[in-house]
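What you see is a predicted model, and the numbers here were worked out from it, not measured in a lab.
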Amino acid sequence: GGKTSKSSSSDSINSSAEKMTAAALKQRMLAADNAPVADKRASSQTVEIPAGKGEPAKTVVLQDEYAWLRGAKWPNETVDEPDIIKYLEAENDYCKDFLKSLEEHKDKFYETLKGRIKLTDKTVEAKRGDWLYYSRTEEALQYSIDCRRKADGSAAEEILLDRNKLAENQKFCKVLATNVSENHKLMAYRSDFVGDENYKLTFQKVGTGELLPESGELEQISTYCWHECANQAADPVGVFYSVRNAQLRPTKVYYHKFGTDVSADPLIFESQNEMYTVSVRPTEDLEYIMIDYHSKTENEVKYFSMADTLQKAQAAGTGMPLTADAFPLTTLRALQEDIEYSAEHGGGSWLLKTKEGCQHEHFRILRKRDGTDADFEVLLEEDSEFAISSSPAVTRSFFGVSYLSTKTGQPRLFVYKNDPSMAAAEVRAMRQQVYFPGVDPDLTSHNAAFSHTCNYEEDLICVAVDTPTAPTIWYKYPKFGAAAADLAVVKQKEVPNYEQELYATERVYVQYEENRSAA
């Protein structure tokens, strides 16, 4: 009897689960009366795929019968075709009508979710020079506010960017994070006030709010960074930026020198392969600008000197643009089939997290010391017990690497000396594991990572940890080889209406055999 009852219960649960699948819900909606169905209109797009991975170059024609819904003017102008708007309005009206029976639960569900979020809060403060930068929210406001304050507490909070004011009289507002220059006097941010994901760059003087003439003229921005060296007292000379094409894929990297016409901006690099995109950023020590040319499975990093190009920009004179040959590109590691790598420079060395030479689809760390090594050497070898899961978090004297245990899936954080005078074997031998208060590395289910608030110049390493029962805690790692008790709490995430003592977790392991031939 018990066995039959269990079977009936299981069948009932499975039946309910089937009714709740996305596919079943879609069919139910389409089967209802008056469900709008978009017209099918013949459309095609031709894509040229260069030779690679043992395959010859080929032309592929993609068929898309619903491409007309994108709009002929997209992404350069607002879509206003009457047939598209009419169809979208019909879909919205139908969805509202179909879900009308859930309206009584909507507010309750919303309030329950909101009740678990601290609405007046702020992010972890990131120290840069004499300032602490952070973003905060207020319960009565819809958007976040970017701020800063003096690290020594000598001055009141200074608001850098209030998105709530930018959103006034706007139907749509998405403003991404602010980027403040090394001298703390100029900031930039990307914004979209239409909803078409065309991000424009704004340049604004900190304190006065004065906008630079170039503000709003650089469009379809994907990534960008200042043209400046570390601790530079003067304003940045210009900005490097990557631009997206009609398919919203970033494929070009340009340079704009402030005070010149944007139409004269030189093209530094362009992806000629539709399967590859590009991004641009500085190294942690601000000695180089890196252009990452990448697909889903492989990439290549090119770089050039920050100091050399700054000298060229200053030598050209105010109001005089540069040409592309002012930015000679050097390939850090040549493109290899199915080889991914990420690069960083700091402390007098290049560090690469790469799959090159790995046997188990893991990563290893290579190093090339400035003026010492002709080529990269293996610094941290691939480990069968601990798989590298992050790129190195680099400061002037240290670097941190995150690992995952191949047996338990539990994270491990290790800190290494970033000293080019040390041999690779010595660096490995002196590594120190990061331990967290109240967290057993093997027995406690947890996530751990190096925080984005690490500071290169000040050798500041910050780490974060959370468990299924404890919200995230951010710590300052005070010294090389610090014990768990030495870590200083920077911030602990607050979750309203949560009683931690009511919850517990148990970690259970099972063994399995993988039949790769049947996969």
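- Although no hydrogens or angles enter the test, the distance criterion places no donor-acceptor pair under 3.5 Å between the side chain of Thr251 and the main chain of Ser271.
- In this structure the side chain of Pro441 never reaches within 4.5 angstrom of the side chain of Gln410, judged on heavy atoms.
- Ring geometry for Tyr303 versus Trp350: interplanar angle of 30 to 60°, hence tilted.
- With sequence neighbours left out, His227 forms a ring-ring contact (aromatic ring centres under 6.0 Å, His included) with Phe240, Tyr255.
- Judged purely by atom type and a 3.5 angstrom limit, Asn497 uses its side chain to pair as donor or acceptor with the backbone of Gly115.
- Side-chain atoms of Thr283 come within 3.5 Å of backbone atoms of Tyr288 as a donor-acceptor pair (strictly under, hydrogens ignored).
- Using a 4.5 Å heavy-atom threshold, the side chains of Val253 and Phe327 count as separate.
- Inter-residue side-chain proximity for Arg428 and Ile365 is flagged as unmet; no heavy-atom pair is nearer than 4.5 Å.
- In this structure, Phe203 and Leu218 have side chains that are in contact, with non-hydrogen atoms separated by less than 4.5 Å.
- A salt bridge does not link Glu426 to Lys417: none of the charged nitrogens lies less than 4.0 Å from a carboxylate oxygen.
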Audit row: Asn198, Asp196, side chain to side chain donor-acceptor pair (under 3.5 Å) steps and yes/no: CA-CA 5 Å; Asn198 175 10; Asp196 58 359; 4.6 Å; no
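- One finds a salt bridge joining Glu182 and Arg128 here, because a Lys/Arg side-chain nitrogen approaches an Asp/Glu carboxylate oxygen to under 4.0 Å.
- Two residues are said to be in side-chain contact when any heavy atoms from C-beta on lie closer than 4.5 Å; Thr260 and Met320 fail this criterion.
- Lys127 places a side-chain N or O within donor-acceptor distance of the main-chain N or O of Gly129, the cut-off being under 3.5 Å.
- Asp146 and Ser135 share a donor-acceptor pair across their side chains, judged by distance under 3.5 Å alone.
- Salt-bridge annotation for Lys476 and Asp486: absent, with no side-chain N of the basic residue lying under 4.0 Å from a carboxylate O of the acidic one.
- Using a 3.5 Å distance cut-off with no hydrogens or angles, the side chains of Glu385 and Tyr403 do not pair a donor with an acceptor.
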Please assess Asp459 against Lys479 for the test salt bridge (Lys or Arg N to Asp or Glu O under 4.0 Å), listing each intermediate value before the final yes or no. CA-CA 9 Å; Asp459 269 338; Lys479 60 182 179 180; over 6 Å; no
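- Between Phe414 and Phe386, the ring planes are perpendicular. Angles over 60° get that label, and only those under 30° would be called parallel.
- The main-chain N or O of Val401 is never found under 3.5 Å from a side-chain atom of Lys353 such that the two would form a donor-acceptor pair.
- With contacts defined as side-chain heavy-atom distances shorter than 4.5 Å, the pair Tyr341/Asn299 qualifies.
- Glu381 and Arg364 are joined by a salt bridge, as a carboxylate oxygen and a charged side-chain nitrogen come within less than 4.0 angstrom of each other.
- A heavy-atom distance below 4.5 Å is not found between the side chains of Phe193 and Asn169.
- At least one cation-pi condition fails for Arg163 and Tyr143: the charged atom is not both under 6.0 angstrom from the six-membered ring centre and inside a 45 degree cone around its axis.
- A pairwise comparison of heavy atoms in Arg367 and Ala424 identifies NH2-N, 3.6 Å as the closest pair.
- Between Glu344 and Arg281, at least one side-chain N (NZ, or NE/NH1/NH2) sits under 4.0 Å from a carboxylate O, which counts as a salt bridge.
- No donor-acceptor pair closer than 3.5 Å links the side chain of Thr472 to the backbone N or O of Lys493.
- Between the Lys312 side chain and the Ala326 main chain, a donor and an acceptor come within less than 3.5 Å of each other.
- Side chain of Arg148 to main chain of Trp131: no donor-acceptor pair is present (N/O by atom type, distance under 3.5 Å, no hydrogens or angles).
- Arg412 and Ser405 form no side-chain donor-acceptor contact under 3.5 Å, judged by distance and modelled atom types alone.
- Salt-bridge formation is detected for the pair Glu300/Lys302: a Lys NZ or Arg NE/NH1/NH2 atom is positioned less than 4.0 Å from an Asp or Glu carboxylate oxygen.
- Of the possible donor and acceptor atoms, none in the side chain of Ser242 sits under 3.5 Å from a partner among the backbone N and O of Val280.
- Salt bridge status for Glu111 with Lys114: present, with a side-chain N to carboxylate O gap under 4.0 Å.
- With hydrogens and angles disregarded, no donor-acceptor distance shorter than 3.5 Å links the side chain of Thr395 to the backbone of Asn455.
- Residues Leu366 and Val378 have side chains in contact (heavy-atom distance under 4.5 Å, counting atoms from C-beta outward).
- Contacts classified as side chain to side chain donor-acceptor pair (under 3.5 Å) and involving residues 202-215 (residues at least two apart or in different chains) are given here: Glu214-His256.
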